[in-house]
Amino acid sequence: MELNGVPVTVEALAPLALVGLGHFTSMRVEEGGAVRGLEMHLDRLIRDSRTVFNAELDPHRVRSYVRHAIRDTDGPVVVRVTIYDPAIELSKPGAPAEPHVLVSTRHAPAGPAAPLRLQSVVYSRDLPRVKHIGLFGALHQRAAAQRQGFDDVVFTSGDGSISEIATSNIGFITGEGRLVWPRAEVLPGTTMRLLNQVLDEEVATERITLTRLGDYAAVVATNAATGVRAVSCVDDTKWPEHQVVTILQEAYKSIPPQRI
């Protein structure tokens with residue numbers, strides 16, 4: 001774990017936990033130091049820095065810190081880039097900020113992930129379009145779902161309209177094999193956006209409710225760490241394996257990664 005290219009100290013890391021103001025992006029770095037959708041990850045960090053800190057962030061600086069952090073890594077890793085300012089105080093979050101770049105790494109998941117079992121819950125993240133570090137609510141809901149025997153949680157509004165999974169986007173496959181995303185206020189994930197670019201079809205969104213789950217032939221979860229992952233159930237609605245899920249997985253893998 002490095003802050004601005006050097007090992008982070010406890011003193012510099014403490015404000016991240018004690019104040020909790022920051023944002024991040026997570027990306028899978030393949031062998032050779034390349035990332036699918038690298039520019040999208042950097043654009044997200046720039047955009048969110050303006051929203052959270054009203055400050056500019058140099059993407060070249062971020063890239064240099066990531067390159068330094070992965071210099072000795074072996075094999076694919078998941079890199080998380082967290083932006084925060086250790087000088088920001090709890091009582092003055094609107095003070096002029098200087099974005100610092102914290103880079104941490106962990107081993108990337110190996111092999112295809114098992115299909116997800118999701119429990120629905122009425123919940124909405126604060127500022128859904130910002131990938132901020134305020135994950136307590138989402139993780140609390142995930143923990144509650146896991147205690148009920150599910151893998152993760154999918155959020156809905158009070159009328160049953162589906163939005164997103166705790167840390168992933170969710171997509172629905174129609175009987176004709178089209179991929180449809182919920183028309184809702186969600187975080188536009190990089191994997192979701194990359195799929196939209198590579199598929200030879202118009203991006204489709206619609207209001208998707210729990211009562212309509214049976215209208216779809218399959219469901220997928222997407223995020224940068226695992227790519228495209230099948231969903232086997234939401235509550236009591238279940239889906240068998242579907243060939244379109246495999247097609248989406250292969251389409252995502254075909255996207256050439258960008259060197260950091």
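Salt bridge status for Glu201 with Arg178: absent, with no side-chain N to carboxylate O gap under 4.0 Å. Taking the charged nitrogens against the carboxylate oxygens, Arg117 and Asp235 have no contact shorter than 4.0 Å, which rules out a salt bridge. Residues Glu39 and Arg63 are paired through a salt bridge, judged by an N-O separation under 4.0 Å between the basic side chain and the carboxylate.
In this structure, Phe172 and Tyr216 have tilted ring planes: the angle between them lies in the 30° to 60° band.
Transitive grouping of hydrophobic side chains (ILVMFWY, heavy atoms separated by less than 4.5 Å) brings Val81 and Val77 into a common cluster.
Looking at heavy atoms from C-beta onward, Val186 lies out of side-chain contact with Pro128 at the 4.5 angstrom threshold. The closest side-chain heavy-atom distance from Val78 to Pro109 is below 4.5 Å. Residues Val52 and Val130 meet the side-chain proximity criterion, which asks for heavy atoms closer than 4.5 Å. For the pair Leu3/Val103, no side-chain contact is recorded, criterion being any heavy-atom separation below 4.5 Å from C-beta on. The side-chain heavy atoms of Leu213 and Ile162, taken from C-beta on, include a pair separated by under 4.5 Å.
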field: Pair Ile88-Lys92, side chain to side chain contact (heavy atoms under 4.5 Å, CB included): steps then yes or no
entry: CA-CA 7 Å; Ile88 292 291; Lys92 297 181 179 179; over 6 Å; no
- request: Check step by step if salt bridge (charged side-chain N to carboxylate O under 4.0 Å, His left out) holds for Asp159 and Arg207.
  value: CA-CA 11 Å; Asp159 65 0; Arg207 180 172 173 264; 3.2 Å; yes
- prompt: Given Phe155 and Ile165, is the side chain to side chain contact (heavy atoms under 4.5 Å, CB included) satisfied, shown in steps?
  reply: CA-CA 6 Å; Phe155 301 146; Ile165 302 172; over 6 Å; no
message: Does Arg125 form a side chain to side chain contact (heavy atoms under 4.5 Å, CB included) with Leu127? I'd like the steps, not just the answer.
response: CA-CA 6 Å; Arg125 296 184 303 107; Leu127 284 176; over 6 Å; no
message: Please evaluate residues Ile260 and Val29 with respect to the criterion side chain to side chain contact (heavy atoms under 4.5 Å, CB included), reporting the C-alpha separation (whole Å), side-chain torsions for both, the decisive distance (0.1 Å), and the verdict.
response: CA-CA 9 Å; Ile260 295 174; Val29 181; 4.0 Å; yes
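When all heavy atoms are compared, the tightest approach of Gln141 to Tyr123 is NE2-CD1, 3.9 Å.
Checked by atom type and distance alone, the side chain of Arg183 pairs as donor or acceptor with a backbone atom of Thr205 at under 3.5 Å. In terms of modelled atom types and a separation under 3.5 Å, the side chain of Asp151 and the main chain of Leu116 share no donor-acceptor contact. Put simply, the side chain of Asn169 gets close to the backbone of Gly189: a donor and an acceptor are under 3.5 Å apart. No side-chain donor-acceptor contact under 3.5 Å links Arg44 to the backbone of Phe24. Proximity of a side-chain donor or acceptor of His242 to a complementary backbone N or O of Pro240 within less than 3.5 Å is not detected.
Leu195 belongs to a hydrophobic cluster whose remaining members, ordered by chain and number, are Met40, Ile173, Leu179, Trp181, Met192, Leu194, Val198, Leu199, Val203, Val220, Val228, Val244, Val245, Leu248, Tyr252, Ile255; membership requires side-chain heavy atoms of ILVMFWY residues under 4.5 Å apart, directly or through intermediates.
With Arg36 as the fixed residue, the side chain to side chain donor-acceptor pair (under 3.5 Å) test singles out one of Gln258, His41, Glu30: Glu30. Results of the side chain to side chain contact (heavy atoms under 4.5 Å, CB included) test with Val154 over Ser163, Pro182, Ser120 single out Ser120 as the only residue that passes.
A side-chain donor-acceptor contact under 3.5 Å links Asn223 and Thr226. With no hydrogens or angles considered, no side-chain donor-acceptor pair links Thr82 and His23 at under 3.5 Å.
Listed by first and then second residue, the salt bridge (Lys or Arg N to Asp or Glu O under 4.0 Å) pairs that reach into residues 71-83 are Glu2-Arg71, sequence neighbours excluded.
Within 6.0 Å of CG in Asp126 there are 12 or fewer heavy atoms belonging to other residues, nucleotides or ligands. Within 6.0 Å of CD in Glu185 there are more than 12 heavy atoms belonging to other residues, nucleotides or ligands.
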